[in-house]
Enquirer: 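To start, I am sharing the structure in question, which I have written as structure tokens.
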Amino acid sequence: MSTPTDAPNPSPAGDRTALARDLVAEWERQQEVYIAYRENRFALMVDLVELVARPADLGRPLRVLDLACGPGSATKRVLARFPDAEVVAIDLDPLLVELGRLDQAEATTGPTWLVGDLRDPAWVTQLPHTEYDAVISTTALHWLTGAELSDLYATVHGLLTPGGVFLNGDYLPARRPSGRVAELATEVGRMREERALTAGAQAWETWWERVRAVPELASEVAAHDAALGQRRENQAPSRAFHLEALREAGFSDVDLVWHDLTEGLVCALA
Ligand SMILES: C[S@@+](CC[C@H](N)C(=O)[O-])C[C@H]1O[C@@H](n2cnc3c(N)ncnc32)[C@H](O)[C@@H]1O
């Protein structure tokens, strides 16, 4: 992963930290354009981690793995509730990982930030621990194909402590859009997007344009382009596919615990 000193015209560390904080705050608003109840989803995830992993009874720090962490949104919510947790955050994008690292540089037990591709089985070899109480992911796994997801779920099952929990909050389409009800749901999604944009949040494309215009991030933008150039379009697997793939991976109890339009939160117990 690139370091701050790789930037062509490095600015003082404080400036980079302030810049990252600003960009991550805008990232959060930008994501809420598309996921209206994103904060509720995070709160539910953290509640489930607390209930299943029982951090107070562990006798050691809670261990959480955040898959496709982006700039660390889910990681930040976990650390806000459990400041002593050992959180490992991994993502394909070196730029987002660097923003997360700068933004959360002052966390009590800083997260371990890793750059890795979840489609490549070697990502696991980078992990600092072999077992986790919870594995979480938000708004990301729809980028993987069905076959890649099945492999990933088997790996995640192997990484969880017995009875550990996997939580995936993501775009989980119930079925192909057809019929009036599905059209209405799409329409409501668009209305919400318009409302959030009118209230001042940035669209996905606008956020990325802003990042690309920051000279201090030139080397991270180049690393982002190199890493994401290998990614291709994917048809997100259905909600039913995720549930079945998790059962096949060995999870004992799997269900949807929350959904809103096409967004869902899947909870699976190892
Ligand atoms: C919309 S962002 C979500 C980030 C963060 N989890 C959140 O909720 O804000 C999707 C993330 O998935 C990551 N991603 C996509 N494919 C990946 C892969 N194969 N391996 C690791 N990360 C991946 C992207 O780099 C990006 O950070």
Side-chain angles (χ1 to χ4, degrees), residues 1 24 27 31 35 38 41-42 44-46 48-49 52-53 62-79 82 85-101 104 111-161 164-172 224 227-228 230-231 234 236-237 239 241-243 245-246 249-251 254 256-257 263-270:
M1 148 187 171
V24 173
W27 168 274
Q31 286 289 293
I35 308 147
R38 183 171 178 261
R41 194 179 68 181
F42 281 131
L44 177 54
M45 289 176 90
V46 179
L48 286 163
V49 170
V52 179
L62 173 74
R63 274 192 196 151
V64 180
L65 174 60
D66 180 3
L67 300 178
C69 60
S73 302
T75 286
K76 191 183 263 185
R77 272 70 177 185
V78 168
L79 284 169
F82 316 111
E86 294 174 348
V87 184
V88 180
I90 183 165
D91 196 281
L92 177 64
D93 190 337
L95 184 152
L96 294 179
V97 167
E98 178 62 2
L99 290 182
R101 192 186 67 74
Q104 297 187 43
T112 301
W113 298 98
L114 301 172
V115 175
D117 186 341
L118 299 173
R119 296 167 302 181
D120 176 357
W123 71 269
V124 178
T125 61
Q126 297 186 65
L127 297 178
H129 315 291
T130 52
E131 281 206 325
Y132 294 83
D133 304 299
V135 179
I136 61 176
S137 184
T138 51
T139 323
L141 300 186
H142 61 271
W143 283 105
L144 303 192
T145 64
E148 288 162 352
L149 270 177
S150 295
D151 289 348
L152 179 70
Y153 286 164
T155 304
V156 168
H157 186 263
L159 285 169
L160 281 165
T161 51
V165 64
F166 171 64
L167 295 161
N168 179 28
D170 199 8
Y171 169 62
L172 300 171
H224 159 90
L228 275 82
Q230 305 146 18
R231 213 170 61 170
N234 178 41
R239 190 177 298 178
F241 178 90
H242 283 267
L243 299 178
L246 285 162
F251 286 88
V254 178
L256 193 73
V257 281
E263 290 296 317
L265 175 60
V266 170
C267 178
L269 302 179

Enquirer: Starting at CZ of Arg41, measure out to CD1 of Ile35 and round the result to the nearest 0.5 Å.
Expert: 5.0 Å
Enquirer: Side chains of Leu172 and Leu256: does their closest heavy-atom pair fall under 4.5 Å?
Expert: yes
Enquirer: Identify the heavy atoms of Ala154 and Ala249 that sit nearest to each other, and give their distance.
Expert: N-CB, 3.7 Å
Enquirer: For a 4.5 angstrom cut-off between non-hydrogen side-chain atoms, does Val78 reach Val49?
Expert: no
Enquirer: Side chain to side chain contact (heavy atoms under 4.5 Å, CB included) between Val46 and Phe82: does it pass, once the steps are laid out?
Expert: CA-CA 9 Å; Val46 179; Phe82 316 111; 3.8 Å; yes
Enquirer: Mind checking the CD-CZ spacing from Glu131 to Arg63? Nearest 0.5 Å is all I need.
Expert: 8.0 Å
Enquirer: Please list, chain by chain and in numerical order, all residues satisfying side chain to side chain contact (heavy atoms under 4.5 Å, CB included) with His157, sequence neighbours excluded.
Expert: Phe251, Ala270
Enquirer: Minimum heavy-atom separation for Val165 to Cys267, with atom names?
Expert: CG2-SG, 3.8 Å
Enquirer: Out of Asp117, Leu152, Leu92, Val115, which residue meets the side chain to side chain contact (heavy atoms under 4.5 Å, CB included) rule with Trp123?
Expert: Leu152
Enquirer: Of the non-hydrogen atoms in Val24 and Pro71, which two are nearest, and what is the gap between them?
Expert: CG2-CB, 3.9 Å
Enquirer: For the CZ atom of Arg101 and the CG atom of Leu96, what is their distance to the nearest 0.5 Å?
Expert: 14.0 Å
Enquirer: Should Leu67 and Ile90 be marked as a side chain to side chain contact (heavy atoms under 4.5 Å, CB included) after you check the CA-CA gap, both sets of side-chain angles, and the distance that decides it?
Expert: CA-CA 6 Å; Leu67 300 178; Ile90 183 165; 4.0 Å; yes
Enquirer: Using side-chain heavy atoms (C-beta onward) and a distance below 4.5 Å, is Pro111 in contact with Leu79?
Expert: yes
Enquirer: Do the non-hydrogen side-chain atoms of Pro128 and Val88 ever get within less than 4.5 Å of each other?
Expert: yes
Enquirer: Taking the side chain as every heavy atom from C-beta outward, state whether Tyr132 and Glu86 have any atom pair closer than 4.5 Å.
Expert: no
Enquirer: Would you find a donor on one side and an acceptor on the other, under 3.5 Å apart, between the side chain of Asp170 and the backbone of Leu141?
Expert: yes
Enquirer: Return the OG1 to CG distance between Thr130 and Leu159, rounded to the nearest 0.5 Å.
Expert: 8.0 Å
Enquirer: With the side chain counted from C-beta on, respond yes when Leu144 and Arg119 share a heavy-atom pair under 4.5 Å apart, and no when they do not.
Expert: yes
Enquirer: Check the angle between the aromatic planes of His142 and Tyr171 and answer parallel, tilted or perpendicular using the 30° and 60° thresholds.
Expert: perpendicular
Enquirer: Just verifying a value: how many Å separate Phe241 CZ and Leu243 CG, rounded to the nearest 0.5 Å?
Expert: 10.5 Å
Enquirer: Of all heavy-atom pairs between Leu167 and Met45, which one has the smallest distance, and what is that distance?
Expert: CD1-O, 3.5 Å
Enquirer: Do Thr138 and Arg77 have side-chain N/O donor and acceptor atoms under 3.5 Å apart?
Expert: no
Enquirer: Are Arg38 and Ser73 linked by a side-chain donor-acceptor pair shorter than 3.5 Å?
Expert: yes
Enquirer: List the atom of Trp113, the atom of Gly70, and the distance in Å for their closest heavy-atom pair.
Expert: CZ3-O, 4.4 Å
Enquirer: Grab the two heavy atoms, one from Asp66 and one from Ala74, that are nearest each other, plus how far apart they are.
Expert: OD2-CB, 3.7 Å
Enquirer: Run Val254 and Tyr153 through side chain to side chain contact (heavy atoms under 4.5 Å, CB included) and show every step you take.
Expert: CA-CA 12 Å; Val254 178; Tyr153 286 164; over 6 Å; no
Enquirer: To the nearest 0.5 Å, how far apart are CH2 in Trp143 and CG in Leu149?
Expert: 13.5 Å
